[in-house]
Chemist: 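Take this structure, written in structure tokens, and hold onto it; I'll ask about it next.
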Amino acid sequence: MITTATKRKTIGQILLSKGLINQQGLDAVLEQQKAEGRHKLLGELLVEQGLLTEEQLCETLAELYNVPYAKVSPKICDPKVIEVLPREFIDKHAVLPMFLVNNILTIALAEPSNLFLIEEIQQLTGYQVQVVASTQRDIAATLQAHLPTGNVFVIDDIIEEVRPEDFSLVEAQVEDIGNLQEVAGQSPVIKLVNYLLYHAVREGASDIHIEPDEKKTRVRYRVDGRLYEKISPPHSMHPAVVSRIKIMAGLDISERRLPQDGGIHVLLEGRPIDLRISTMPEKFGEKTVIRIIDNRNIPVNLEKLGFAYEMLTTLKKVLEQPNGILLVTGPTGSGKSTTLYAALQEIHKPDINICTVEDPVEFNLTGVNQFQVNDKIGFSFATALRSLLRQDPDVIMVGEVRDGETARIAIQAALTGHLVLSTLHTNDAPSSIIRLVNMGIEPYLIAASLRSIVAQRLVRKLCSACREQYEPPLNIRHIVEKAAGPFDYLYRGKGCKKCRNSGYVGRIGIYELLVPDPEMLDAVVAGASIHRLRELCKERNIATLRADGLIKVKAGITTYEEILRATAL
């Protein structure tokens with residue numbers, strides 16, 4: 001509780017005693033506060049002027065009012081406890097219910113001195129309230145994770161194994177939608193769906209494929225880019241399982257002739273997970289694919305992605321440019337969005353306005369304005385980007401350049417003082433230039449705006465538990481040594497329980513970084529062919545995707561077979 005003794009001490013005195021500010025800085029801010037008629041609190045002014053961070057202010061307020069300071073996050077809050085307060089009340093007052101133990105409700109507040117709010121919470125809940133101080137930013141991020149738009153399903157009914165008797169469903173008249181909805185809500189179906197989601201997240205799967213066959217349903221997980229079969233329940237369960245997923249995603253269970261797309265927010269072990277659902281009619285029923293967006297698995301640090309040191313240094317210099325366009329290219333599932341997120345995290349500062357247009361928003365970046373397109377209402381990439389230019393952005397990230405209109409607006413933005421980051425679907429870096437030309441963009445505009453192109457792929461990493469040395473065949477040795485230099489031996493995965501006998505665990509990126517020089521830009525303006533552009537890259541010793549991959553083969557990170565599978569000659 002707040003004590004009288006602590007209240008006698010001012011926030012300025014605490015800040016001075018802790019050495020967070022000096023007397024001269026404090027006097028200047030106090031003078032400003034006085035001149036402005038005390039409309040703003042001292043702490044707010046100190047944060048605004050960069051003399052204090054939000055965390056330092058919050059810690060000081062916690063000391064001032066004799067309450068604990070907590071750095072809250074979705075992982076340390078009980079999602080069920082949040083429901084003790086109405087959603088409208090939580091949104092209005094930015095209060096975060098965290099725990100409920102022995103009728104004592106712990107709440108996080110950015111302003112712990114608000115006694116009237118604390119009393120109101122006690123009256124609303126009937127619980128004794130304990131306050132912890134936390135930053136407004138952390139509270140907002142945690143609430144956003146636990147209370148997103150739409151329904152949230154808590155995966156509580158977790159089972160370590162599914163037994164054949166769990167599949168013993170009465171054959172339902174699946175043509176009767178009422179019966180189908182009833183069966184979809186029965187315990188065996190709910191347990192099976194929860195089991196699939198729980199183990200997919202635990203095993204690091206990126207997708208779940210639920211595929212109907214004549215006599216069974218095949219469920220496969222995509223882990224590290226490869227599919228493997230997880231379980232095969234009888235075909236009789238398939239309509240009910242798909243209907244359960246549709247109900248969770250808010251889709252129409254009566255429509256089984258047309259594809260449908262939707263999303264589900266789930267909380268698994270207190271951690272928010274986003275699922276993207278796609279259903280499509282197939283010969284024996286509806287095939288369903290669930291894309292898992294697990295923020296825990298998304299690295300937002302360029303150093304963790306696998307860039308070589310020289311390449312990373314060059315890329316960071318490109319990101320320091322005040323304007324221009326940086327493209328990340330590669331096929332679907334090659335980690336392009338992750339690279340863009342890491343790049344935004346690298347350049348994020350309080351004094352620049354970063355805005356993104358995405359479909360969908362896959363990862364919440366604190367301090368970044370993120371907008372999600374909605375083609376159903378006409379809010380496309382081009383429409384959003386055109387409106388975004390009136391939002392005074394410094395840096396713009398466009399999830400994907402899909403058409404000529406979006407490409408033209410993005411390049412115009414790059415030419416008018418904005419740094420633009422986006423993705424394309426091409427096989428290598430030089431192909432991106434040809435793709436833009438084919439979209440109708442004039443070569444001189446490309447040359448004037450283009451700063452860099454990153455081409456990338458994801459390859460599987462060797463399992464550290466069963467990695468072993470071996471002497472490669474002579475032809476492979478010559479190929480690796482030509483790209484990466486001499487070596488004594490290479491590595492391969494023997495296969496063990498940890499890697500499901502695959503020899504691989506996790507994935508890493510291989511990259512090709514093209515930063516065009518004046519001669520190359522002149523060639524672009526002159527309408528150079530893809531063959532000529534690749535020749536220019538070779539003359540400049542720009543490492544190809546395969547060359548970067550072979551360096552990682554020599555280092556024992558991956559295998560020659562993986563690089564051969566992922567890259568072209």
Side-chain angles (χ1 to χ4, degrees), residues 299-330 334-348 395 419 421-424 426-433 450-462 478-488 490-491 506-521 523-524 533-560 562-564 566-569:
V300 286
N301 188 309
L302 285 173
E303 280 78 5
K304 296 179 180 179
L305 298 184
F307 284 100
Y309 177 77
E310 296 81 4
M311 198 180 294
L312 181 62
T313 303
T314 303
L315 180 59
K316 286 185 175 182
K317 288 180 180 178
V318 172
L319 292 172
E320 293 172 0
Q321 298 294 317
N323 55 60
I325 188 165
L326 182 151
L327 295 172
V328 181
T329 184
S334 59
K336 299 186 298 296
S337 296
T338 300
T339 300
L340 287 183
Y341 283 134
L344 291 181
Q345 199 73 355
E346 177 72 24
I347 62 180
H348 174 54
V395 178
L419 181 62
L421 287 72
S422 190
T423 70
L424 271 177
T426 60
N427 289 325
D428 59 8
S431 298
S432 299
I433 296 171
L450 185 63
R451 297 291 177 268
S452 177
I453 304 173
V454 178
Q456 66 179 76
R457 300 288 189 277
L458 291 177
V459 295
R460 293 182 294 171
K461 295 193 296 183
L462 279 167
H478 287 330
I479 292 171
V480 177
E481 286 185 341
K482 184 177 179 181
F487 60 88
D488 293 328
L490 295 182
Y491 294 87
R507 290 191 290 177
I508 193 170
I510 57 173
Y511 302 93
E512 175 184 357
L513 177 62
L514 168 59
V515 180
D517 59 18
E519 184 181 348
M520 188 172 289
L521 294 176
V524 171
L533 291 175
R534 285 174 179 154
E535 278 186 347
L536 289 170
C537 290
K538 189 174 182 180
E539 289 171 6
R540 285 151 182 76
N541 293 319
I542 294 174
T544 62
L545 286 165
R546 175 162 290 190
D548 186 54
L550 292 176
I551 291 171
K552 292 178 171 65
V553 170
K554 177 186 174 183
I557 298 171
T558 187
T559 63
Y560 176 78
E562 268 296 288
I563 302 304
L564 199 66
T567 63
L569 288 172

Chemist: Using a 4.5 Å cut-off on heavy atoms from C-beta on, say whether the side chain of L550 contacts that of E481.
Modeler: no

Chemist: Examine distances only and state if a side-chain atom of E562 and a backbone atom of R460 form a donor-acceptor pair shorter than 3.5 Å.
Modeler: yes

Chemist: When you compare the side chain of T314 with that of F307, does any pair of heavy atoms fall below 4.5 Å?
Modeler: no

Chemist: So do the side chains of Q345 and N301 get within less than 4.5 Å of each other, counting heavy atoms only?
Modeler: no

Chemist: Would you call L514 and D428 a side-chain contact if the rule is heavy atoms closer than 4.5 Å?
Modeler: no

Chemist: Where the side chain of Q456 meets the backbone of G335, is there a donor-acceptor pair that is under 3.5 Å apart?
Modeler: yes

Chemist: Any side-chain to backbone donor/acceptor pair from K554 onto A484? Under 3.5 Å, distance only.
Modeler: yes

Chemist: Going by heavy atoms in the side chains, are V524 and P516 under 4.5 Å from each other?
Modeler: no

Chemist: Could you tell me if the side chain of D548 sits less than 4.5 Å from the side chain of M311, heavy atoms only?
Modeler: yes

Chemist: Sub-3.5 Å donor-acceptor pair from the side chain of Q321 to the main-chain atoms of L419, do we have one?
Modeler: no

Chemist: With no hydrogens and no angle check, is any side-chain donor or acceptor of K552 less than 3.5 Å from a backbone partner on G306?
Modeler: yes

Chemist: Considering only heavy atoms from C-beta outward, does the side chain of I508 approach that of V459 to under 4.5 Å?
Modeler: yes

Chemist: Which heavy-atom pair separates L462 from G556 by the least distance, and what is that distance?
Modeler: CD1-O, 3.6 Å

Chemist: Less than 4.5 Å apart, side chain to side chain, heavy atoms only: is that true for L302 and L319?
Modeler: yes

Chemist: Quick one: does any side-chain atom of Y511 pair with a main-chain N or O of L305 as donor and acceptor, under 3.5 Å?
Modeler: yes

Chemist: If you measure from the Lys or Arg side-chain nitrogens to the Asp or Glu carboxylate oxygens, is any gap between E303 and K316 under 4.0 Å?
Modeler: yes

Chemist: Between the main-chain N or O of N323 and the side-chain N or O of R451, is there a donor-acceptor pair closer than 3.5 Å?
Modeler: yes

